[in-house]
Amino acid sequence: QAQLVESGGGVVQPGGSLRLSCTAASGFSLDNYAIGWFRQAPGNEREGVAVISSGSVVSFFAGSVKDRFTISRDDAKNTVYLQMNNLKPEDTAVYYCAADSKTIRSSSWTLIGRYDYWGQGTHVTVSS
(Lines give C-alpha, C1' and ligand atoms only; values in the text may rest on other atoms or scores of the structure.)
Protein backbone atom coordinates (compact mmCIF):
# COMPACT_ATOMS: atom_id res chain seq x y z
CA GLN A 1 0.00 0.00 0.00
CA ALA A 2 1.58 3.25 -1.11
CA GLN A 3 1.74 6.09 1.37
CA LEU A 4 1.96 9.67 0.19
CA VAL A 5 3.22 12.33 2.54
CA GLU A 6 2.54 16.04 2.18
CA SER A 7 4.59 18.75 3.84
CA GLY A 8 5.14 22.49 3.67
CA GLY A 9 1.85 23.77 4.99
CA GLY A 10 1.61 26.58 7.50
CA VAL A 11 0.26 30.01 8.24
CA VAL A 12 0.97 32.83 5.80
CA GLN A 13 -0.30 36.34 5.26
CA PRO A 14 -2.32 37.28 2.18
CA GLY A 15 0.00 37.82 -0.75
CA GLY A 16 2.55 35.41 0.65
CA SER A 17 3.90 32.16 -0.75
CA LEU A 18 4.24 28.55 0.29
CA ARG A 19 5.67 25.49 -1.39
CA LEU A 20 4.04 22.17 -0.68
CA SER A 21 5.83 18.89 -1.22
CA CYS A 22 4.45 15.44 -1.87
CA THR A 23 6.65 12.40 -1.54
CA ALA A 24 6.10 8.69 -1.10
CA ALA A 25 7.11 6.56 1.82
CA SER A 26 8.27 2.97 1.84
CA GLY A 27 10.21 3.02 -1.42
CA PHE A 28 7.16 3.65 -3.59
CA SER A 29 8.11 5.41 -6.82
CA LEU A 30 5.98 8.24 -8.13
CA ASP A 31 7.59 8.11 -11.59
CA ASN A 32 4.73 6.37 -13.39
CA TYR A 33 1.94 8.27 -11.69
CA ALA A 34 0.23 11.52 -12.39
CA ILE A 35 0.17 13.49 -9.16
CA GLY A 36 -2.70 15.75 -8.29
CA TRP A 37 -3.15 18.30 -5.56
CA PHE A 38 -6.56 18.74 -4.00
CA ARG A 39 -7.83 20.90 -1.17
CA GLN A 40 -10.72 20.86 1.22
CA ALA A 41 -11.89 23.81 3.26
CA PRO A 42 -14.21 23.34 6.25
CA GLY A 43 -17.73 22.69 5.07
CA ASN A 44 -16.67 22.34 1.44
CA GLU A 45 -16.14 19.43 -0.86
CA ARG A 46 -12.64 18.38 -1.85
CA GLU A 47 -11.64 20.12 -5.05
CA GLY A 48 -8.87 19.70 -7.56
CA VAL A 49 -6.16 22.34 -7.54
CA ALA A 50 -3.56 21.10 -10.01
CA VAL A 51 -2.20 17.95 -11.56
CA ILE A 52 0.98 16.98 -13.36
CA SER A 53 1.38 13.96 -15.57
CA SER A 54 4.04 11.34 -15.40
CA GLY A 55 7.10 12.75 -17.12
CA SER A 56 5.80 16.33 -16.68
CA VAL A 57 4.24 16.21 -20.14
CA VAL A 58 1.07 18.06 -19.22
CA SER A 59 -0.39 19.88 -16.24
CA PHE A 60 -3.80 21.30 -15.49
CA PHE A 61 -4.98 23.86 -12.98
CA ALA A 62 -8.21 24.98 -11.40
CA GLY A 63 -9.27 28.36 -12.69
CA SER A 64 -9.10 29.85 -9.21
CA VAL A 65 -5.36 29.19 -8.90
CA LYS A 66 -4.16 29.47 -12.47
CA ASP A 67 -1.43 32.14 -12.80
CA ARG A 68 -0.76 31.94 -9.03
CA PHE A 69 0.17 28.29 -8.51
CA THR A 70 2.67 26.12 -10.35
CA ILE A 71 3.23 22.39 -10.15
CA SER A 72 6.46 20.54 -10.81
CA ARG A 73 8.09 17.22 -10.10
CA ASP A 74 11.60 16.01 -9.40
CA ASP A 75 11.61 12.30 -10.06
CA ALA A 76 15.17 11.98 -8.81
CA LYS A 77 13.88 13.11 -5.42
CA ASN A 78 10.57 11.27 -5.83
CA THR A 79 8.81 14.51 -5.00
CA VAL A 80 6.10 16.69 -6.51
CA TYR A 81 5.84 20.35 -5.59
CA LEU A 82 3.01 22.83 -5.52
CA GLN A 83 4.32 26.39 -5.49
CA MET A 84 1.62 28.75 -4.26
CA ASN A 85 2.10 32.47 -4.76
CA ASN A 86 -0.07 35.49 -4.03
CA LEU A 87 -2.06 33.46 -1.54
CA LYS A 88 -5.55 34.59 -0.64
CA PRO A 89 -7.70 33.84 2.42
CA GLU A 90 -9.90 31.65 0.22
CA ASP A 91 -6.91 29.36 -0.36
CA THR A 92 -7.15 28.28 3.28
CA ALA A 93 -7.72 24.52 3.34
CA VAL A 94 -6.21 21.15 3.96
CA TYR A 95 -4.16 20.25 0.89
CA TYR A 96 -3.84 16.65 -0.25
CA CYS A 97 -1.74 15.00 -2.91
CA ALA A 98 -2.92 11.94 -4.78
CA ALA A 99 -1.47 9.51 -7.31
CA ASP A 100 -3.20 8.37 -10.49
CA SER A 101 -1.84 5.51 -12.58
CA LYS A 102 -3.97 6.41 -15.61
CA THR A 103 -3.54 9.04 -18.30
CA ILE A 104 -4.83 12.36 -17.06
CA ARG A 105 -7.22 14.42 -19.17
CA SER A 106 -8.42 17.97 -18.86
CA SER A 107 -12.01 16.76 -18.64
CA SER A 108 -11.57 14.33 -15.78
CA TRP A 109 -8.49 15.06 -13.69
CA THR A 110 -10.54 16.54 -10.87
CA LEU A 111 -12.53 13.35 -10.30
CA ILE A 112 -11.54 12.11 -6.87
CA GLY A 113 -12.42 8.49 -7.62
CA ARG A 114 -9.77 8.10 -10.32
CA TYR A 115 -6.87 8.49 -7.91
CA ASP A 116 -5.28 5.36 -6.49
CA TYR A 117 -3.47 6.70 -3.45
CA TRP A 118 -3.87 9.70 -1.17
CA GLY A 119 -1.86 11.45 1.48
CA GLN A 120 -3.11 12.60 4.86
CA GLY A 121 -3.00 16.29 4.05
CA THR A 122 -1.21 19.42 5.18
CA HIS A 123 -2.90 22.53 6.54
CA VAL A 124 -2.60 25.89 4.83
CA THR A 125 -3.96 28.98 6.52
CA VAL A 126 -3.91 32.37 4.83
CA SER A 127 -4.69 35.07 7.31
CA SER A 128 -3.56 38.51 8.38
Side-chain angles (χ1 to χ4, degrees):
Q1 180 72 19
Q3 181 178 359
L4 303 184
V5 180
E6 303 93 340
S7 62
V11 180
V12 63
Q13 292 186 341
S17 298
L18 283 175
R19 188 178 76 162
L20 305 184
S21 299
C22 173
T23 190
S26 304
F28 180 75
S29 174
L30 299 180
D31 287 6
N32 295 320
Y33 290 82
I35 303 298
W37 283 96
F38 289 74
R39 66 186 181 187
Q40 188 167 19
N44 289 359
E45 294 185 351
R46 194 169 298 189
E47 63 175 0
V49 176
V51 67
I52 187 167
S53 68
S54 173
S56 303
V57 177
V58 295
S59 59
F60 301 114
F61 295 86
S64 59
V65 306
K66 197 173 183 180
D67 299 328
R68 298 189 297 123
F69 291 10
T70 59
I71 188 170
S72 62
R73 63 192 302 159
D74 185 339
D75 288 338
K77 295 182 178 181
N78 206 32
T79 302
V80 175
Y81 303 100
L82 183 69
Q83 177 67 44
M84 306 187 296
N85 299 325
N86 190 22
L87 283 160
K88 303 176 180 181
E90 52 264 41
D91 295 317
T92 295
V94 179
Y95 284 71
Y96 301 88
C97 66
D100 183 357
S101 60
K102 302 169 291 299
T103 301
I104 59 168
R105 305 185 188 281
S106 60
S107 59
S108 60
W109 70 270
T110 60
L111 296 177
I112 292 173
R114 63 177 293 131
Y115 290 83
D116 304 294
Y117 306 106
W118 289 82
Q120 294 300 306
T122 185
H123 290 257
V124 173
T125 301
V126 185
S127 174
S128 55

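Bear in mind that the values here come from a model prediction, so they are computed numbers and not experimental data. All heavy atoms count here, side chains included; hydrogens, waters and symmetry mates do not.
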Show me the side-chain donor-acceptor pairs of residues 71-80 shorter than 3.5 Å, one per line, residues at least two apart or across chains.
| from | atom 1 | to | atom 2 | distance (Å) |
| --- | --- | --- | --- | --- |
| R73 | NE | D75 | OD1 | 3.1 |
| R73 | NH1 | Y33 | O | 2.8 |
| R73 | NH1 | S53 | O | 2.9 |
| R73 | NH2 | L30 | O | 2.7 |
| R73 | NH2 | Y33 | O | 3.1 |
| D74 | OD1 | A76 | N | 3.1 |
| D74 | OD1 | K77 | N | 3.3 |
| N78 | OD1 | L30 | N | 2.8 |
| N78 | ND2 | F28 | O | 2.8 |
| T79 | OG1 | K77 | O | 2.8 |

Shortest non-hydrogen contact from N85 to S17?
OD1-OG, 3.0 Å
At their closest point, which heavy atom of R68 faces which heavy atom of D91, and how far apart are they?
NH1-OD2, 2.7 Å
Rounded to the nearest 0.5 Å, how far does OH of Y81 lie from OG of S7?
9.0 Å
Look at atom CD of Q120 and say whether more than 12 heavy atoms of other residues, nucleotides or ligands are closer to it than 6.0 Å.
no
Going by heavy atoms in the side chains, are L4 and Y115 under 4.5 Å from each other?
no
Test of ring centre spacing under 6.0 Å for W37 and F69
no
How many angstroms lie between CZ in R39 and OG in S64, if you round to the nearest 0.5 Å?
4.5 Å
Keeping the roles fixed (side chain from E6, backbone from G121), state whether a donor-acceptor pair exists under 3.5 Å.
yes
With the 4.5 Å side-chain cut-off for hydrophobic clustering, are I35 and V65 part of the same group?
yes
What's the separation between atom CG in D100 and atom CH2 in W109, rounded to the nearest 0.5 Å?
11.5 Å
Of all residues at least two apart in sequence or in a different chain, which pass the side chain to side chain donor-acceptor pair (under 3.5 Å) check with Y96?
none
All side-chain contact (heavy atoms from CB on, under 4.5 Å) counterparts of V124, not counting sequence neighbours:
L18, L20, M84, Y95, V126
Calculate, to the nearest 0.5 Å, the distance between atoms CD and CD1 belonging to E45 and I112 respectively.
7.5 Å
Smallest separation among heavy atoms of L82 and A50, with atom names
CD1-CB, 4.1 Å
Rounded to the nearest 0.5 Å, what's the gap from CG on L111 to CZ on R105? Could you check?
12.0 Å
Step by step, work out the side-chain contact (heavy atoms from CB on, under 4.5 Å) result for V94 and R46.
CA-CA 9 Å; V94 179; R46 194 169 298 189; over 6 Å; no
If you draw a 6.0 Å radius around CD in E90, do more than 12 non-hydrogen atoms from other residues or ligands fall strictly inside?
yes
Taking all heavy atoms of A41 and all of A93, pick out the closest pair and write down the distance.
N-CB, 3.8 Å
Closest non-hydrogen atom pair, A62 against G48
CB-O, 3.4 Å
Rounded to the nearest 0.5 Å, how far does OG1 of T125 lie from CD of Q13?
13.0 Å
